[in-house]
Amino acid sequence: LAAGENPQDPRMKKTFEWLAKLDIKGTYARALRANVWGKLGRNSKYQRNLAEDVKWLLEAVDSRGTYNYVKGKRPQSAAAWRTWKHSWYDNSNSQLAVLGVWAGARNGIEIPLGYWKLIEKHWREDQNPDGGWPYQKEGLRPHSYGSMTAAGLATMFICFDAIYYRQFISCKARTDYLPIVRGLQWMDKNFSADKHPGLGGRWYYYYLYSVERVGLASGYKYFGKKDWYKLCATRLLKKQGGSGRWGGLVETSWALLFLARGQHPVLFNKLQYPGTWNCRPRDLANLTRWITRTFEKPVNWQIIHLGVPVSEWHDAPILYISGATPPKFTDKDIENLRQFVLQGGVIFSESACSRASFNMAMQRVYARMFPRYELKRLDRNHPIYTLHFKIRHRRLMGISNGVRLLVIHSPMDLSRAWQLNRYATQADLFNLASNVYFFVTDKGSLRKRGVSPWPIAESFSPIETLKVARIKYAGNYDPEPLAWKRFSILMGNKYRVKVDVSSPMELKALKASDWPIAVMTGTSNFTFTDDERQALRKYLTDGGVLLMDAAGGSKSFSKSAGEEIGKLFSSDVRYRLIPIDHKIYDNSSFGIDKPAGKKPLPWVSYRRATRVLASHRPRLKGLWYK
């Protein structure tokens, strides 16, 4: 199920029927079966089976908040009690049982608050002084090691969310809960993808499963600066046997449960920063689960922090910043946020509890990030309100560069509805987030996990060098400052062509001998001065080529371009569509094979949101002599 098998497959249905008939006595099996039912969702016909397994697990917990392999009661005699106290429980059974109960909670089954407090008490008391967790604190394997520390962390995250539920409503919950802080410090220090910390090679695959449960419960992408999923997945793929397995059946199952986390794309990165960044710990967990269920497109979320390079932020197209107090960003932080956006990302911020102090602080942050653009209220007819759902809550603000929204900001609280999972009574706020998703991702097109839109420059010996001048004029001449840098990296990586791109320059400084190609981009109408027309006319008659780009498909810029080009020359020239058989489209020089007996035609992809033609042909216009 976790790896994506269709629940309606006859083999799967047969398995469910077999599982449902079993009278399971063991904690491990009950907990795992509850997770099976949990993966089927709350509308499954096995919801009643899930409730029965959760009830069994709730009854099986002992007075200390721990579990044994089977249900058991505390012995009455003192001697038996001493033996039971130290050995009649273990944190492995205890972890799996809690995960089974949590599967029920995430599928609408009400769990008594007293249960979570009892579980929290045990795990808090069983935490070792070094911040890690053992198998048994005063029994077998009392030292801290990887799988049990991961188990303790996952359990504490689950308990923290359940116990402090009401404090999240008023943005008063602590985000520095000491058992979690100390557990994360242990993992930061001891995490390894190559072995099981504290146990070497034993139970390595179970350790990976426990680590993945921390990711599910917390959303954290990193232990310190270590991308735990990337490192462990790389290691797993190297260890896989030729038959496709890792060790035996159980080890292979653990490995698949771990790897399955990576097959779904990440929609949101939640930013951890100095400040009240996590008032609503389960906001994105609930939101992405609702999006997955609603659109039948599994999406994930995760937490990142400011201590890692911007290149690692691109797992997700949207960086989500929530807060109830002014964030404490340094100059470097603000530059990194700006870099993420200019590399193609979008920031989506919201004021938890609708705090004015956070709103004002973010306005100052955005003014420093993008001084040329203004954060302002989006028009009520903006497509973000109508793209998929019709939204009543139309209070978003944004920063646009004329091509796309760089920033989306909600001065009103959104995360409370997501945290409380009120997808029925506050459906508009879930629908709004879905529209943001579709708007940012071109109607739902998400990259695979770990694939960045920003390329890594490879070293190469250039076979050719192209010098390109960027034109500066009285208009929005530089909406995407890194676009040509990205293009030059791609040209070098793919074709070994070095593209030397200038900083934006005035037309009067343009010389065809120095810059055989010039590019001009824009998002709105413009008018050249007489001096600019004269300089451009000379550049073109001297042999230069001008590429004009209506960024974002701007109709006003395209119209102005046609009008200005018409003013450059006499009536002996005309401005029209370049035919598809023109030599400018002959890409054979780039090593692309021609179809037998045919000239290769270029294939152009258009964004879904702007596609108006059922064609993949390019639409370039040129200036022609009659």
*Would you kindly check if the NZ (Lys) or CZ (Arg) of Arg449 is within the cone defined by 45 degrees around the ring axis of Tyr229 and under 6.0 Å from the six-membered ring centre?*
yes
*Compute the centroid of each ring, for Phe340 and then for His314, and state whether the two points are separated by less than 6.0 Å.*
yes
*Would you say Glu350 and Ser322 make side-chain contact, with heavy atoms under 4.5 Å?*
yes
*How long is the gap from CZ on Phe191 to CZ on Phe223, to the nearest 0.5 Å?*
6.5 Å
*With side chains defined as the heavy atoms from C-beta onward, is the minimum distance between Asp500 and Val468 less than 4.5 Å?*
no
*Is there a ring-ring contact (aromatic ring centres under 6.0 Å, His included) between His409 and Phe348 once you walk through the steps?*
CA-CA 6 Å; His409 176 71; Phe348 181 22; 9.0 Å; no
*Supply the atom-to-atom distance Gln263 CD to Asn300 CG, rounded to the nearest 0.5 angstrom.*
9.5 Å
*asked:* Under a 3.5 Å threshold, yes or no: a donor from one side chain and an acceptor from the other, between Asn278 and Gln272?
replied: no
*asked:* Under a 3.5 Å cutoff, is there a donor and acceptor pairing between the side chains of Glu312 and Tyr222?
replied: yes
*Does the pair Leu257 and Arg213 meet the rule for a side chain to side chain contact (heavy atoms under 4.5 Å, CB included), with working shown?*
CA-CA 10 Å; Leu257 283 166; Arg213 295 293 93 178; 5.7 Å; no
*Within 45° cone and under 6.0 Å: Lys239 NZ/CZ vs Tyr204 ring*: yes
*Quick one: are Tyr477 and Met520 in side-chain contact, heavy atoms under 4.5 Å?*
no
*Above 12 or not: heavy atoms from other molecules or residues under 6.0 Å from NZ of Lys467?*
yes
*List for me each residue that meets side chain to side chain donor-acceptor pair (under 3.5 Å) alongside Arg486, sequence neighbours excluded, and say none if there are none.*
none
*Do Tyr320 and Leu271 touch side chain to side chain, with heavy atoms closer than 4.5 Å?*
no
*asked:* Does Thr521 form a side chain to side chain donor-acceptor pair (under 3.5 Å) with Asp549? I'd like the steps, not just the answer.
replied: CA-CA 5 Å; Thr521 189; Asp549 164 36; 2.9 Å; yes
_Stepwise salt bridge (Lys or Arg N to Asp or Glu O under 4.0 Å) test for Lys508 and Glu532_ = CA-CA 7 Å; Lys508 62 184 179 182; Glu532 287 174 330; over 6 Å; no
*Could you tell me the separation between the CG atom of Leu378 and the CD1 atom of Ile408, rounded to the nearest 0.5 Å?*
7.5 Å
_If only side-chain N and O atoms count, and only distance matters, is there a donor-acceptor pair under 3.5 Å linking Asp442 with Ser445?_
no
*Evaluate salt bridge (Lys or Arg N to Asp or Glu O under 4.0 Å) for Arg470 paired with Asp478, printing each intermediate quantity in order.*
CA-CA 9 Å; Arg470 296 169 62 203; Asp478 196 20; 2.3 Å; yes
*Is there a side-chain contact between Trp313 and Leu306, using heavy atoms and a 4.5 Å cut-off?*
yes
*Let me see the working for Phe157 and Tyr220 under ring-ring contact (aromatic ring centres under 6.0 Å, His included), right down to the final yes or no.*
CA-CA 11 Å; Phe157 274 115; Tyr220 280 90; 5.8 Å; yes
*Counting only N and O atoms by type, is there a donor-acceptor contact under 3.5 Å from the side chain of Tyr473 to the main-chain atoms of Leu507?*
no
Identify every side-chain donor-acceptor pair in residues 363-370 under 3.5 Å, counting partners at least two apart or on other chains, and give the distances.
{"from": "Tyr366", "atom 1": "OH", "to": "Ser349", "atom 2": "OG", "distance (Å)": "2.7"}
{"from": "Arg368", "atom 1": "NH2", "to": "Asp331", "atom 2": "OD1", "distance (Å)": "2.3"}

*Given Leu319 and Leu337, is the side chain to side chain contact (heavy atoms under 4.5 Å, CB included) satisfied, shown in steps?*
CA-CA 9 Å; Leu319 181 65; Leu337 290 169; 3.5 Å; yes
*Which value, rounded to the nearest 0.5 Å, describes the distance between Ser554 atom OG and Lys559 atom NZ?*
11.5 Å
*Evaluate the ring planes of Phe438 and His388, with Trp represented by its six-membered ring, and classify them as parallel (under 30°), tilted (30 to 60°) or perpendicular (over 60°).*
tilted
*State, without any angle test, whether Asn525 and Ser560 hold a side-chain donor-acceptor pair at a distance under 3.5 Å.*
no
*Taking the side chain from Arg537 and the backbone from Leu568, do they hold a donor-acceptor pair closer than 3.5 Å?*
yes
*Could you go through the salt bridge (Lys or Arg N to Asp or Glu O under 4.0 Å) check for Lys226 and Asp188 one step at a time?*
CA-CA 8 Å; Lys226 299 173 184 176; Asp188 293 350; over 6 Å; no
*side chain to side chain donor-acceptor pair (under 3.5 Å) against Ser210, all qualifying residues, sequence neighbours excluded*: none
*Please test Lys472 against Met505 for side chain to side chain contact (heavy atoms under 4.5 Å, CB included), starting from the C-alpha separation and ending with a verdict.*
CA-CA 5 Å; Lys472 184 178 182 179; Met505 64 170 63; 5.8 Å; no
_When you measure from the side chain of Asn435 to the backbone of Ile384, do you find a donor-acceptor pair of N or O atoms at a distance under 3.5 Å?_
yes
_Interatomic spacing from CD1 in Ile565 to CZ in Arg533 - rounded to 0.5 Å_ = 12.0 Å
*For atom CZ of Arg293, is the number of surrounding heavy atoms from other residues, nucleotides or ligands below 6.0 Å larger than 12?*
yes
*Partners of Thr288 by side chain to side chain donor-acceptor pair (under 3.5 Å), sequence neighbours excluded?*
none
*asked:* Under the rule for side chain to side chain donor-acceptor pair (under 3.5 Å), what residues qualify as partners of Asn493, not counting sequence neighbours?
replied: none
*With distance as the sole criterion, is a donor-acceptor pair present between the side chains of Arg372 and Asn476 under 3.5 Å?*
yes
*When rounded to the nearest 0.5 angstrom, what distance separates CH2 in Trp228 from CZ in Arg261?*
4.5 Å
*Using side-chain contact (heavy atoms from CB on, under 4.5 Å) as the criterion, list what pairs up with His196, not counting sequence neighbours.*
Tyr145, Ser147, Leu199, Trp203, Tyr207
*For the pair Thr541 (side chain) and Lys538 (backbone), establish whether a donor and an acceptor sit closer than 3.5 Å, ignoring hydrogens and angles.*
yes
_Could you check whether any side-chain N or O of Asn190 sits under 3.5 Å from a backbone N or O of Pro197, counting only pairs where one atom can act as donor and the other as acceptor?_
no
_Arg235 vs Asp194, test: salt bridge (Lys or Arg N to Asp or Glu O under 4.0 Å). Steps then yes/no._
CA-CA 7 Å; Arg235 176 63 174 165; Asp194 300 323; 3.8 Å; yes
